[in-house]
2 protein chains.
Amino acid sequence: MANQLDSVFSAMADPTRRAVIERLLDGPASVSDLHATHDMALPSFLKHIRKLEDAGLVTSQKTGRTRMIHIEAAPMRAAEDWLSRQRKLWEGRLDRLQALAETLERNPQ
Amino acid sequence: MANQLDSVFSAMADPTRRAVIERLLDGPASVSDLHATHDMALPSFLKHIRKLEDAGLVTSQKTGRTRMIHIEAAPMRAAEDWLSRQRKLWEGRLDRLQALAETLERNPQ
DNA sequence: AAGTTGGTTAGCCATGTGGCTAAGTAATCT
DNA sequence: AGATTACTTAGCCACATGGCTAACCAACTT
């Protein structure tokens, strides 16, 4: 689990990879199609794809000479859940601080 | 903005740093207190703190020889929002696929 | 003043990262 | 069969990363 969060957050830490994820949410795409909108050498781009695949965020299937890339939504969900939990803890704490401030306002001591 | 997401996701990509964030949601803590629960050399640990600070996830204040670390929730929120938006796109797409499947089920063509 | 505590700086290490070019293989098209 | 297309492998680069030790400075305690 900790390893999954590591690899998912790390994969999301690059704008090229985030753009790839955004594109794939519209549907599977070939490496060439994905690459076409990025101004970098193909081997470099493939490294990004590889990182997304290693993080479990995408899967790929080679058919003939074409490799199609498919999104996998669950790992991203794990990252969102972690962040969401922290936000809830934070908001809960703010609520308690607010309540304490109001109490002190009524009962200055 | 893209730089903020880069640095926040990158900061979250390490278990030590996530643990620090989780602890700080309970309230500010000194470097020493934070460090006490991690089995690594202090200079190494301070590098992690530095990375969180550079990502805007924490701020620090030195008083005398003690440095207190405080959480900053907004950058984490930005990361959560990005992930949340992708999930919504994904869920919307699943809904459309489901509706299509149901249509085809009723009108096999 | 001496000792202790809390943090800082500097340098090291092996590995990883985001790019590059060059060369190669396999699939497809003409 | 030759040319083109879609990837793949290999090696390079400068810099970053997650740790280490050693030495140091400042604040605090005794």
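In what follows, every chain begins at residue 1, and chains take the letters A, B, ... in the order their sequences are listed.
For the pair A/R17 (side chain) and A/A11 (backbone), a donor-acceptor distance under 3.5 Å is present. A distance-only check finds a donor-acceptor pair linking the side chain of A/T37 to the backbone of A/L34 [under 3.5 Å].
Map A/T66 and A/P43 each onto its nearest nucleotide of DNA chain C; the residue landing nearer the 5' end is A/P43. Comparing A/K62 and A/D39 along DNA chain C, the residue whose closest nucleotide (by nearest heavy atom) sits nearer the 5' end is A/D39. Closest-nucleotide positions on DNA chain D for B/G64 and B/S44 were compared, and the one nearer the 5' end corresponds to B/S44.
For the pair A/R17 and C/dG18, the criterion of a side-chain N or O lying under 4.0 Å from OP1 or OP2 is met. Between B/T63 and D/dA27 there is no side-chain polar atom (N or O) within less than 4.0 angstrom of OP1 or OP2.
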Take B/R50 and B/D54 through the salt bridge (Lys or Arg N to Asp or Glu O under 4.0 Å) test and state the conclusion after the steps. CA-CA 6 Å; B/R50 190 59 207 248; B/D54 289 346; 3.3 Å; yes

Under the side chain to side chain contact (heavy atoms under 4.5 Å, CB included) criterion, do B/L52 and B/I71 qualify, and how do the steps go? CA-CA 9 Å; B/L52 289 172; B/I71 193 121; over 6 Å; no

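Nearest nucleotide to the side chain of A/H48, out of D/dG18, C/dG18, D/dT8: C/dG18. Ranking D/dT17, C/dG7, C/dG19 by closeness to the B/S10 side chain, first place goes to D/dT17.
For the pair B/L42 CG and C/dG6 P, the interatomic distance rounds to 10 Å; values are reported in whole Å. For the pair B/Q61 CD and C/dG7 P, the computed distance is 14 Å after rounding to whole Å. Nucleotide C/dG18 holds its C1' atom 13 Å from the CG atom of A/L52, rounded to whole Å. Between the C1' atom of D/dG18 and the CZ atom of B/R18 lies a distance of 14 Å, rounded to the nearest Å. C/dT8 atom P lies 8 Å from atom CD1 of B/I69, rounded to whole Å. Rounded to a whole Å, the CZ atom of B/R50 is 9 Å from the P atom of C/dT8. We find that CZ of B/F45 is positioned 17 Å from P of C/dT9, with the value rounded to whole Å. Between A/D33 atom CG and D/dA6 atom P the separation is 9 Å, expressed in whole Å.
In this model, a side-chain donor or acceptor of A/R65 finds a partner on the base of C/dA27 within 3.5 Å. Between the base of D/dG19 and the side chain of B/K47 there is a donor-acceptor pair shorter than 3.5 Å.
At most 12 heavy atoms of other shown residues, nucleotides or ligands fall within 6.0 angstrom of atom CG in A/D39.
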